[in-house]
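Computed from a predicted model, the values in this text were never measured in an experiment. Throughout, a chain's letter reflects where its sequence line sits, starting with A, and its residues are numbered from 1. Basis for what follows: all heavy atoms, side chains included, without hydrogens, waters or symmetry-related copies.
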Protein chains: 2
Amino acid sequence: MSLPQMSESTEMYLKAMVELGLSNVVSIGRLAERLNVTPVSANEMVRRLGDQGLLTHTPYKGVSLTDKGREAACNVVRRQRLWEVFLYEHLHIEWAKLYELACSLEHATAPEVTEALAAFLGDPKFCPRGNPIPAADGSFLPLDGRPLSTASVGETVEVLAVNATTTDVLKYLQERGILPGQTIRVLEAAPLQGPLTLKVGEKEVALGLSLAEFVIVKNS
Amino acid sequence: MSLPQMSESTEMYLKAMVELGLSNVVSIGRLAERLNVTPVSANEMVRRLGDQGLLTHTPYKGVSLTDKGREAACNVVRRQRLWEVFLYEHLHIEWAKLYELACSLEHATAPEVTEALAAFLGDPKFCPRGNPIPAADGSFLPLDGRPLSTASVGETVEVLAVNATTTDVLKYLQERGILPGQTIRVLEAAPLQGPLTLKVGEKEVALGLSLAEFVIVKNS
DNA sequence: TAAAATGTTATGGCTAACCTTATTATTCCA
DNA sequence: TGGAATAATAAGGTTAGCCATAACATTTTA
């Protein structure tokens with residue numbers, strides 16, 4: 001009574017590839033880190049996915065999706081983000097938990113359910129974390145933004161999306177008001193990869209650089 | 001990014017126990033048949049579930065749920081049937097596919113999603129197949145009915161529920177109008193475990209005894 | 001340019017849930 | 001009561017996706 005013609009693990013790898021930048025070459029290390037597996041395991045799995053024609057691996061360089069992989073990946077991400085919308089707007093699930101809970105559902109969703117869900121939700125274009133939802137045909141307009149970690153002191157930016165996935169990181173950002181739509185001013189950037197000091201609403205917030213990478217912003 | 005503290009397989013065994021009669025002693029053979037595994041595999045798995053205290057197995061007699069197992073099982077069935085309601089009423093998924101599609105989702109549903117879903121749906125008491133939905137506290141009022149296979153010639157009965165799970169069986173019954181609420185008259189019962197001849201609406205329908213076991217009816 | 005960091009490959013191990021084949025035990029029924 | 005049906009047990013095999021450890025290759029960077 002299950003459906004996966006693509007395993008849960010495969011879906012996680014594909015999703016990670018999209019989240020780390022749809023068209024980027026991603027190192028095995030980064031992939032392993034995001035998926036919480038050892039580099040050795042990621043290497044094995046990347047070989048399997050390569051054998052299935054979903055991605056290409058250039059040794060010592062990194063991994064990128066093939067056309068087939070990109071299509072499959074967009075489909076996975078579509079399901080993920082549609083469920084996030086449903087959980088948020090209709091079930092009123094806590095924002096920080098959306099990714100994790102939607103992730104489980106995503107793996108269990110047949111194509112006809114995906115499309116019926118999209119129709120039910122009114123074909124939303126963005127998920128509650130601000131990320132675009134790929135269309136049914138696989139088309140995907142990426143966000144026109146950059147990570148907050150690249151912003152310079154004095155800049156004022158607007159949060160487009162939060163790209164984090166783990167509940168604890170999302171909760172941390174939420175508690176500090178770092179949510180889509182929020183305007184942020186960069187007050188200070190500590191040297192040696194140190195944290196940013198931000199003005200978020202009325203509050204001053206210190207944010208580590210690695211967390212700031214998860215926050216996608218545009219000039220405002 | 002998954003949740004199962006109880007494996008998918010465990011959930012399927014528990015669900016099967018409920019579907020084969022919440023308080024019945026079920027033989028390994030029947031369990032194996034419904035789950036589409038060999039009796040040897042079912043035996044192994046039953047031992048594992050016994051070790052976890054979910055059910056008790058009396059050799060050569062059969063299997064029954066413990067209190068702990070019953071609670072877990074009701075929870076699984078609750079999730080399953082709530083999703084059936086959602087898929088049917090909000091996503092307009094084909095009736096015959098509900099069980100299978102809801103089954104996948106069920107395994108991927110965290111408790112907080114279950115309860116939010118129940119609230120969203122207005123705490124429904126029955127699934128689209130006519131089966132009762134266990135309450136959040138585990139209480140479960142079973143149907144007051146019996147299998148159509150036990151009906152005698154000349155009886156007129158009303159379908160309370162369809163207990164089948166596979167899409168092909170559900171489709172077969174649906175095509176013949178055998179759905180909850182339908183009134184059926186038993187015209188004939190062939191000897192030697194032969195099929196029943198039924199009057200369903202305007203049509204005469206022949207139905208094998210093993211299929212008739214899936215149809216729960218009451219006197220009407 | 002050498003050391004550090006990163007990536008690759010090899011080997012072996014683990015787990016859950018299935019499988020087959022074969023043997024033995026029990027229960028049911030005629 | 002004896003054979004058929006059903007159930008239990010034993011032994012060994014498979015798969016996916018992980019793990020660790022260790023050796024080796026390449027790339028980056030100081």
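Residues from residues 50-59 of chain A with heavy atoms under 4.0 angstrom of DNA chain C, sorted by number: His57(A), Pro59(A). Near DNA chain C, defined here as any heavy-atom distance below 4.0 Å, there are no residues from residues 15-33 of chain B.
When the side-chain contact (heavy atoms from CB on, under 4.5 Å) test is applied to Ser149(B), the partners found at least two apart in sequence or on another chain are Pro147(B), Leu209(B), Ala212(B), Glu213(B). The ring pair (Phe, Tyr, Trp, His ring centres under 6.0 Å) test applied to Phe86(A) returns Trp83(A), His90(A), Phe86(B), Phe120(B), not counting sequence neighbours. Qualifying side-chain contact (heavy atoms from CB on, under 4.5 Å) partners for Ser64(A), counting only residues two or more places apart in sequence or in other chains: Val25(A), Thr56(A).
If you take CZ on Arg47(A) and CE on Met45(A), they are separated by 10.5 Å, rounding to the nearest 0.5 Å.
Contact annotation: Tyr60(A) side-chain N/O to dT9(C) OP1/OP2 distance is not under 4.0 Å. For Ser9(B) and dC18(C), the shortest distance from a side-chain N or O to OP1 or OP2 is below 4.0 Å. Contact check, Arg48(B) against dA17(C): a side-chain N or O comes under 4.0 Å of OP1 or OP2. At least one side-chain nitrogen or oxygen of Ser41(A) sits closer than 4.0 Å to the OP1 or OP2 atom of dC19(D). Between Thr38(A) and dC18(D) there is no side-chain N or O to OP1 or OP2 distance below 4.0 Å. Taking side-chain N and O atoms only, Asn43(A) has a distance below 4.0 Å to OP1 or OP2 of dT8(C).
Using a cutoff of 4.0 Å between basic side-chain nitrogens and carboxylate oxygens, Arg146(A) and Glu155(A) are scored as salt-bridged. Ion pair Arg48(A)/Glu44(A) flagged as a salt bridge, since at least one NZ, NE, NH1 or NH2 atom sits closer than 4.0 Å to an Asp/Glu carboxylate oxygen.
Going from atom CD of Glu44(B) over to atom P of dT20(C) covers 12 Å, rounded to whole Å. Per the geometry, CD belonging to Glu11(A) stands 15 Å off C1' belonging to dA16(D), to the nearest Å. Rounded to whole angstrom, the span from the CE atom of Met45(A) across to the C1' atom of dT9(C) amounts to 18 Å. Rounded to an integer number of Å, the gap from CG of Leu35(B) to C1' of dC19(C) is 16 Å. Here dC18(D) presents its P atom at 13 Å from CZ of Arg47(A), a figure rounded to the nearest Å.
Comparing atom distances between the Ser7(B) side chain and each of dA22(D), dT21(C), dA17(C) picks out dA17(C) as nearest.
Counting non-hydrogen atoms of neighbouring residues, nucleotides and ligands closer than 6.0 angstrom, the CD atom of Glu71(A) reaches no more than 12 such neighbours.
Looking at Leu170(B) and Arg129(B), their side chains come closer than 4.5 Å, going by heavy atoms from C-beta outward.
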Under 3.5 Å donor-acceptor pairs involving side-chain atoms of residues 9-17 of chain A, not counting sequence neighbours:
unit_1	atom_1	unit_2	atom_2	d
Thr10(A)	OG1	Ser7(A)	OG	2.9
Glu11(A)	OE1	His107(A)	ND1	2.5
Glu11(A)	OE2	Arg79(A)	NH2	2.6
Lys15(A)	NZ	Gln80(A)	OE1	2.6
Lys15(A)	NZ	Glu106(A)	OE1	2.9

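DNA chain D is contacted by both Lys61(A) and Pro39(A); Pro39(A) maps to the nucleotide lying nearer its 5′ end (nearest heavy atom per residue).
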